[in-house]
Amino acid sequence: MLDTGRWDPALSKLLLTLEESRPNLPSGCEEELGFLSDLLQSRELHALVKVHNSIEQKDERFCPILSNSVQVAEEVLDLVASQANDENPEASDLYDILQNPHIQGLLYSHDIIAQKDYLPKLPDIPPDLEDPEDPEETIKIVQLVKSSEPLGATIRKDEESGKIVIARVMHGGAADRSGLIFPGDEVIEVNGYTTEGKTPDDVLQILKASEGTITFKLVPGDTGKHKRESKVRVRCLFNYTSKDDPHIPCEDAGLDFKKGDILHIVSQDDIYWWQARREGDRSMRAGLIPSRSLQEKRILLVRTNNPESHVLDCTPCKFSSSMGLASTISQSIPLITGVDSTMCSKNSIKKIPYTLTEHDDYDRDEIPTYEEVAKLYPRPTQFRPIVLIGPPGVGRNELKRRLIELDPDKYKTTIPFTSRSQRPAETNGKDYYFVTREKMEEEIQGGKFIEFGEYKGNLYGTASESVRSIINSSFVCVLNPHSQALKMLRTSEFKPYIIFIKPPEFEVLKQSRHNAFAKSTFDESNSRAFNDEEFNEIIKSAERIEYIYGHLFDEILINDDLPKSFERLVKIVKKVETEPLWVPSSWVQ
Ligand SMILES: Nc1ncnc2c1ncn2[C@@H]1O[C@H](COP(=O)(O)OP(=O)(O)OP(=O)(O)O)[C@@H](O)[C@H]1O
């Protein structure tokens, strides 16, 4: 017999008990007893137990005080980002330290250890070890105290067996926090009432009528594994109200959201219903939202039943006739026509103007549901372009002009290309880049222009290279392109921040423009005020743009009172320069 005095007390005790019970055990099991005794005395097992005890030992000096340091660091980064500048070197240092990949790696490893994520996953007990004669062995009794908080689990009737089973457990809900209830568990009793022959509704009635403690008798299902929370964040590209959704499995569990909201998807286990939490929501309870595939199916169904449902009234605008413009460029190039800005604009900013007759190249295969996002931290030398989208006449050019005027050494816009011949007062590379029509057509066909159009037989356009060169020279590129240009602009290379300049309601629009003696941008030949028809067209065109491209907007700015709108724009632009913001996750990888 080995001296067990210096060995693990629990193992020694086990060995002692084994020796003591030896005389009472039935004959014939000596071999097994011998094996067990050898095992309990083996040096390997004792060494393993020692290692295990060391890991488990609660040494206060090494106890983690939190297990989500990565998340805390992200929150600190968010807070510090706007303070990190030359005037605040401490904040800048902290900002740099927390962004350092080694520090982030260290925090990540810390969290893994703090969460004990390294512990081995024990294999399931083989089914042949369970005693089929004794089903009671595998029953668990779970008691939950009833409160105003929902249980956080849904039940369903298994079609084959007719049994009531737990359909889903909401992350962070009461059932989940108990750590004892899992999807697939069979509910055999609730508060002493058997569920046999009952429907899920009957069971809900029992639950509703219960007071105080609720006791569940459950047979564990084979899916009773606790799944870790996913880290996926998405931007919602549609509005959702659970009470209007007749198919939600549990209305109380629904999570409502609006287009543009950021959600943390905590579980995608169910193919139709994801569990999500609003980003930054401190309450840990998740809610149900339709999964991407369910939402895609729904949109496709609506589109199949009503093919035009996703396109608003596309009737060309009446005003285009007064402009009498013709588009002659080949079919492969979108038909965009325009007036030369130098004819109707006194300011120095060139634009590629268009008629309101739009032929939006709207991709019918694109089904806006959710976009996976990640935070992009501002870069000190490369600024995100500011893209002002909106209907003609709403004031994008005016806002862009004011922004550049505010700090011409910081904000720059592109110089357009044209196939028109140079006029005596114009400078190549300042007013326009003058190129031949052939060269311009070739480059347009080569996809080198983010937007282009034709007016009076001459081409006008903005080259991608112009945007790239401004960004790479550490200026903030400010653009007010046609909405169609978003497809070319919204890339991981440019990482634009898209602001939709929206008109206010009719009366405010009319009043503000009249008060400011605003000049209509619809009539190239006359310098006159906007008329009611044009105001209506601005509003209608804005609705259409928002409907088609709304899911791509980072911000909506209502251009009512000009000085106030400009103030809001400056704030937004500052935010983009200093704060980490959500962008498509592919832009960050
Ligand atoms: N909030 C506002 N209040 C009053 N006037 C405004 C406001 N915003 C813009 N304006 C004026 O409205 C007119 C049209 O604005 P602007 O040229 O900027 O429109 P736009 O969106 O660039 O349209 P387009 O692309 O057709 O040129 C200008 O005279 C401008 O000064």
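All ligand and atom numbering here is 1-based and tracks the order in the structure.
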Atoms of ligand 1 under 4.0 Å from any heavy atom of A518, numbered from 1 in the order shown, are 5 (N), 11 (C), 12 (O), 29 (O)
The single option from K510, R528, K519, R513 that satisfies salt bridge (charged side-chain N to carboxylate O under 4.0 Å, His left out) with E534 is R528
Give yes if a backbone or side-chain nitrogen or oxygen of [X] is under 3.5 Å from a nitrogen or oxygen of ligand 1, and no if not.
| X | value |
| --- | --- |
| D561 | no |
| R396 | yes |
| V394 | yes |
| G393 | yes |

Counting heavy atoms under 4.0 Å, the part of D560 that contacts ligand 1 is backbone
At under 4.0 Å between heavy atoms, what of A516 touches ligand 1? The answer is side chain
Would [X] and [Y] pass as an ion pair if we require N to O under 4.0 Å?
| X | Y | result |
| --- | --- | --- |
| R402 | E398 | yes |
| K502 | E546 | yes |
| R423 | D431 | no |
| E296 | R292 | no |

Item to complete: Would you check if there is a donor-acceptor pair between the side chains of E426 and Y432 at a distance under 3.5 Å?
Response: no
Q.
Can you confirm whether the side chains of D256 and T241 place a donor and an acceptor under 3.5 Å from each other?
A. no
>> When you measure from the heavy atoms of S512 to every atom of ligand 1, does any distance fall below 4.0 Å?
In response: yes
Nearest option to [atom], as decided by whichever heavy atom of [options] sits closest:
| atom | options | value |
| --- | --- | --- |
| atom 30 (C) of ligand 1 | H514, R513, E398 | E398 |
| atom 28 (C) of ligand 1 | K400, K519, K564 | K519 |
| atom 19 (O) of ligand 1 | P481, G395, P392, P503 | G395 |

(request) Under the side-chain hydrogen bond (donor to acceptor under 3.5 Å, both in side chains) rule, what do N559 and S565 come out as? Steps first, then yes or no, please. (result) CA-CA 5 Å; N559 186 16; S565 303; 3.1 Å; yes
